Amino acid sequence: MGFLLTKMMAVFGDREHKVIVVGLDNAGKTTILYQFLTKEAVHTSPTIGSNVEEIAMGNTRFLVWDIGGQDSLRAGWFTYYCNTEIVILVVDSTDRERLTLTKEELHRMLAHEDLQNAAVLILANKQDMKGSLTAAEISQGLTLDSISSHSWHVQACCALTGEGLPASLDWMKSQVVVN
Ligand code: G3D
């Protein structure tokens, strides 16, 4: 009976998938979430909390937590990890100086046991800006190739226009369907 119920819930998508959006301050987290809500997906409920939104793509529903990226808030990221299926790491592709700091935060995060089964989507944001690093350069800077413990994907995007975001959502959907 339990199995049947689980199977039915999977078929009808009657389950929310927890997503956390992380990244340093000014990376574009809030702008990306806003794009998701207004253009790429259906906003199914008004703001649940100051930083939680539910978005839906067909039968797939994501509960998205936008976590602040300032120094004082980064220490508390781990409190959001439990049951997270997807981590979206937003990177300001023009911020070369802080790429190493982003790399350290990413690898620290992935070492946390509560994120053992989470997939990671790295958004190389602000591609519209002159001199921005490409997705391949961001990938190299974050040493993504060294990550074998988690499913990951890097996507170039521009939060202002929404470019790259539909592909991101498709990847997110593929991850929760797989799991
Ligand atoms: P955060 O939530 O990660 O702190 P925000 O970041 O979403 O508040 O974005 C920080 C600033 O970057 C904002 O500018 C926002 O408009 C800008 N931004 C976000 N994404 C992009 C992008 O893809 N391209 C460009 N050119 N700018 C972007 P302001 O001026 O409001 O501080």
Side-chain angles (χ1 to χ4, degrees), residues 17-57 62-81 84-110 112 115 118-144 150 152-173:
H17 303 281
K18 184 177 173 186
V19 177
I20 59 173
V21 184
V22 300
L24 302 184
D25 54 290
N26 207 46
K29 300 180 292 297
T30 310
T31 315
I32 282 172
L33 187 55
Y34 178 77
Q35 279 285 354
F36 278 158
L37 294 176
T38 54
K39 294 228 182 98
E40 311 304 344
V42 179
H43 188 192
T44 56
S45 69
T47 304
I48 295 167
S50 58
N51 59 351
V52 193
E53 301 284 350
E54 184 188 76
I55 60 176
M57 280 179 84
F62 296 108
L63 199 60
V64 185
W65 296 70
D66 177 7
I67 304 176
Q70 291 145 322
D71 261 2
S72 56
L73 298 175
R74 288 208 297 277
W77 278 2
F78 76 93
T79 56
Y80 293 88
Y81 292 169
T84 294
E85 290 178 60
I86 296 178
V87 177
I88 301 180
L89 172 65
V90 182
V91 181
D92 177 347
S93 306
T94 67
D95 193 354
R96 292 162 190 262
E97 290 75 28
R98 295 198 298 170
L99 196 56
T100 305
L101 179 57
T102 303
K103 180 183 84 174
E104 287 163 4
E105 295 289 1
L106 170 65
H107 289 271
R108 192 195 340 267
M109 215 166 43
L110 295 185
H112 199 285
L115 288 180
V120 190
L121 172 66
I122 296 100
L123 292 180
N125 191 32
K126 305 196 184 182
Q127 288 296 315
D128 58 306
M129 291 187 71
K130 206 164 168 251
S132 58
L133 295 166
T134 63
E137 288 169 326
I138 296 284
S139 178
Q140 199 176 14
L142 298 178
T143 60
L144 296 182
H150 295 74
W152 60 266
H153 176 68
V154 60
Q155 172 71 51
C157 73
C158 170
L160 292 188
T161 62
E163 207 174 332
L165 296 183
S168 308
L169 279 171
D170 285 343
W171 185 80
M172 285 166 58
K173 203 172 168 181

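Just so you know, ligand 1 is whichever comes first in the structure, and atom 1 is the first atom listed for that ligand. Computed from a prediction, not measured in an experiment: that's the story for all the values here. Positions are given from 1, in the same order as the sequence printed here.
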Original post:
Any side-chain heavy-atom pair from L115 and V120 closer than 4.5 angstrom?
Top reply: no
Original post:
How does K126 reach ligand 1, if at all, at less than 4.0 Å between non-hydrogen atoms: by side chain, backbone, both, or neither?
Top reply: both
Original post:
Below 3.5 angstrom, do we get any N/O pair linking C157 and ligand 1?
Top reply: no
Original post:
Quick one: which ligand 1 atoms are inside 4.0 Å of a heavy atom on T30?
Top reply: 2 (O), 7 (O)
Original post:
Mind checking whether D25 has an N or O less than 3.5 Å away from an N or O of ligand 1?
Top reply: no
Original post:
Are M172 and L169 side-chain neighbours, meaning at least one heavy-atom pair lies under 4.5 Å?
Top reply: yes
Subject >> Atom of T84, atom of I86 and distance for their closest heavy-atom approach >> reply: CG2-O, 3.3 Å
Subject >> Part of D128 with heavy atoms under 4.0 Å of ligand 1, whether side chain, backbone, both or neither >> reply: side chain
**OP:** Examine the proximity of ligand 1 to N26 and report which part, side chain or backbone, both or neither, has a heavy atom under 4.0 Å away.
**Re:** both
Subject >> Which of the ligand 1 atoms, numbered from 1, are nearer than 4.0 Å to a heavy atom of M129 >> reply: 26 (N)
**OP:** Quick one: pull up SG in C158 and CD1 in I32 and give me the separation to the nearest 0.5 Å.
**Re:** 9.0 Å
Subject >> Side-chain touch L33/Q35, heavy atoms, less than 4.5 angstrom >> reply: no
Original post:
Is there a protein heavy atom less than 4.0 Å away from atom 13 (C) of ligand 1?
Top reply: no
Original post:
Is it true that a side-chain atom of K18 and a backbone atom of Y80 form a donor plus acceptor pair closer than 3.5 Å?
Top reply: yes
Original post:
Looking only at distance, does A159 have an N or O less than 3.5 Å from an N or O of ligand 1?
Top reply: yes
